[in-house]
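Structure record follows, encoded as structure tokens.
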Amino acid sequence: MKAEKEEGSSSEPMVIRTRCHSIAHCFIAMLVWLAAIHLNILLLLLSSFLFFSSSTHAALLIVGLLLVLMAIPLNENSKLGEAFARYVGRYVPGYFPMTLHIEEAKAFNPNKSYVLALEPHSVFPLGSLSLLSITGLMPLAKTKGLVSSAVLYTPFLRQIATWSGLISATKENFVKYLETGHSCIIIPGGVHEVMYMNHEFEVAFLKQRHGFVQVAIETGSPLVPVFCFGQRNIYRWWKPKGKLYHHIARTLRFAPLVFWGAFGSPIPYRTPIHIVVGKPIQVRRNPKPTKVEVAEVHACFLSAIEKLFLKYRDVTGCKDLELKIL
């Protein structure tokens, strides 16, 4: 991947465009990064087939392997993991390609902690990769991405996620990493956003999400609105409707759905992704913020997200797209 940086004036954003100079490397990096989910499904299907084909021993070996991979302690400082992360960070952004628009790059202190709140979630929030340290695109020294705990219990996927800089989305982790100098990437809409996804318009499930704002105030970390255009087009998807589906999704803490990419594979379609990083919303540190304080900053964030969407949808080729904030 090669990144081309366009320095904007004081009133224009910095634009960082990624390029893919080796489609083979881009494809391989994307494959190994995302194929873990499908690999688990294939292994489970294979073990079921073997079990009913009287090959019980082989079926139990496969299930045993998956259980071991679920239990092995994670090592984020693994040499293999570091090499993997560098490879992914170097080649995956150029696959689509990704373009990062930073409204006010000079407003960021590389050594300060920020709460980077990205919308929308989509099938996979792949645009968030551009904000992680492994790509070197964002002018921040250390970043961590918060993900559902289900990800970190899934064989193969948990290893890949950890090496890429992802951590379980608990308040304890959120606060700990912000206070140790990391900027944290969070998708506030989470599983609810996936449940309400629509083919006709973009959905941001934010009106009931106040926790990320509260943590930003508690730690004194500026809150950064981020909107991702084009991410909705990298997969085709289908999901059930109705209350039962919503109940199951809340219970599992992720939304089950059928999705597919190029040629029906887990590899996403090659379509441009534009990640727009807004100006940091400054907050006054308060370890015990009042509901009024949280509500005021939350309202500022909702307004900033909506303004980013309206300002950049034409520039990013999404002029007919509408946003519904739920």
Side-chain angles (χ1 to χ4, degrees), residues 13 101-121 125 127-128 131 138-149 166-196 202-228 250 253 275-312 323-326:
H101 307 254
I102 306 176
E103 281 223 303
E104 196 171 309
K106 293 179 181 178
F108 289 91
N109 180 341
N111 300 310
K112 188 176 177 63
S113 298
Y114 296 85
V115 174
L116 302 165
L118 181 144
E119 288 294 324
H121 187 288
S128 62
L131 306 176
M138 194 66 190
L140 296 172
K142 299 184 293 184
T143 59
K144 290 287 184 182
L146 278 69
V147 296
S148 168
S149 56
L166 305 183
I167 56 173
S168 181
T170 63
K171 183 176 181 180
E172 181 183 0
N173 278 340
F174 200 176
V175 172
K176 180 179 77 173
Y177 279 97
L178 285 171
E179 291 185 338
T180 54
H182 292 79
S183 291
C184 289
I185 305 157
I186 187 169
I187 298 147
V191 65
H192 282 82
E193 212 155 83
V194 179
M195 289 192 295
Y196 292 108
E202 202 70 88
V203 172
F205 188 85
L206 292 172
K207 290 184 178 179
Q208 298 177 36
R209 299 298 203 193
H210 293 83
F212 71 105
V213 176
Q214 182 166 329
V215 169
I217 297 173
E218 288 177 0
T219 58
S221 306
L223 181 59
V224 183
V226 184
F227 200 90
C228 190
R250 289 191 188 97
R253 299 193 70 182
I275 305 92
V276 182
V277 180
K279 299 174 184 177
I281 299 169
Q282 300 299 325
V283 298
R284 182 177 63 85
R285 180 167 187 159
N286 183 355
K288 295 183 179 180
T290 65
K291 290 184 178 180
V292 172
E293 286 179 281
V294 173
E296 287 177 351
V297 177
H298 185 263
C300 288
F301 177 78
L302 293 188
S303 175
I305 279 287
E306 189 168 23
K307 287 177 181 176
L308 280 182
F309 177 81
L310 294 173
K311 180 177 178 180
Y312 286 91
L323 172 65
K324 290 191 177 182
I325 299 179
L326 305 179

Do [X] side-chain atoms and [Y] backbone N/O form a donor-acceptor pair below 3.5 Å?
X: Y114; Y: N109; result: yes
X: K142; Y: T180; result: yes
X: S113; Y: S183; result: no
X: E193; Y: H121; result: yes

When rounded to the nearest 0.5 angstrom, what distance separates [atom1] in [X] from [atom2] in [Y]?
X: F174; Y: C184; atom1: CZ; atom2: SG; value: 5.5 Å
X: H298; Y: H210; atom1: NE2; atom2: NE2; value: 4.0 Å
X: I187; Y: L116; atom1: CD1; atom2: CG; value: 11.0 Å
X: L166; Y: K144; atom1: CG; atom2: NZ; value: 8.5 Å
X: N173; Y: S149; atom1: CG; atom2: OG; value: 10.5 Å

Would you indicate whether the side-chain heavy atoms of [Y] and [X] approach each other to under 4.5 Å?
X: E103; Y: L308; result: yes
X: V226; Y: I185; result: no
X: F301; Y: L206; result: yes
X: V203; Y: L326; result: yes
X: V294; Y: K291; result: no
X: H192; Y: Q208; result: no

(request) Enumerate the residue pairs fulfilling salt bridge (charged side-chain N to carboxylate O under 4.0 Å, His left out) with a member in residues 208-217, sequence neighbours excluded, ordered by first and then second residue. (result) none
(request) In sequence, state the C-alpha distance, the side-chain angles, and the governing distance for L323 and F227, and then conclude on side-chain contact (heavy atoms from CB on, under 4.5 Å). (result) CA-CA 11 Å; L323 172 65; F227 200 90; 4.1 Å; yes
(request) Mind checking salt bridge (Lys or Arg N to Asp or Glu O under 4.0 Å) for E202 and listing every partner two or more places apart, or none if nothing turns up? (result) R232
If I compare all heavy atoms of [X] with all of [Y], which pair ends up nearest, and what's the gap?
X: N286; Y: P289; value: O-CD, 3.1 Å
X: L118; Y: G127; value: CD1-C, 4.4 Å
X: E306; Y: I325; value: CB-CD1, 4.3 Å
X: I102; Y: P139; value: CD1-CD, 3.6 Å
X: A304; Y: I281; value: CB-CD1, 4.3 Å
X: C228; Y: I275; value: SG-CG1, 4.0 Å

(request) List the steps and the verdict of side-chain contact (heavy atoms from CB on, under 4.5 Å) for M138 and F108. (result) CA-CA 9 Å; M138 194 66 190; F108 289 91; 3.8 Å; yes
(message) side-chain contact (heavy atoms from CB on, under 4.5 Å) for I186 and V115? Distances and angles first, verdict last.
(response) CA-CA 7 Å; I186 187 169; V115 174; 4.1 Å; yes
(message) Tell me whether the rings of F205 and Y196 are parallel (<30°), tilted (30 to 60°) or perpendicular (>60°).
(response) parallel
(message) Regarding E179 and R285, does a basic nitrogen lie under 4.0 Å from an acidic carboxylate oxygen?
(response) yes
(request) Please collect all side-chain hydrogen bond (donor to acceptor under 3.5 Å, both in side chains) contacts where either partner lies in residues 215-228, sequence neighbours excluded, each pair once. (result) K171-E218, Q214-E218, T219-S221
(request) Please report the C-alpha distance between L131 and V277 in whole Å, then the side-chain angles of each, then the deciding distance to 0.1 Å, and finally whether the side-chain contact (heavy atoms from CB on, under 4.5 Å) criterion is met. (result) CA-CA 9 Å; L131 306 176; V277 180; 4.0 Å; yes
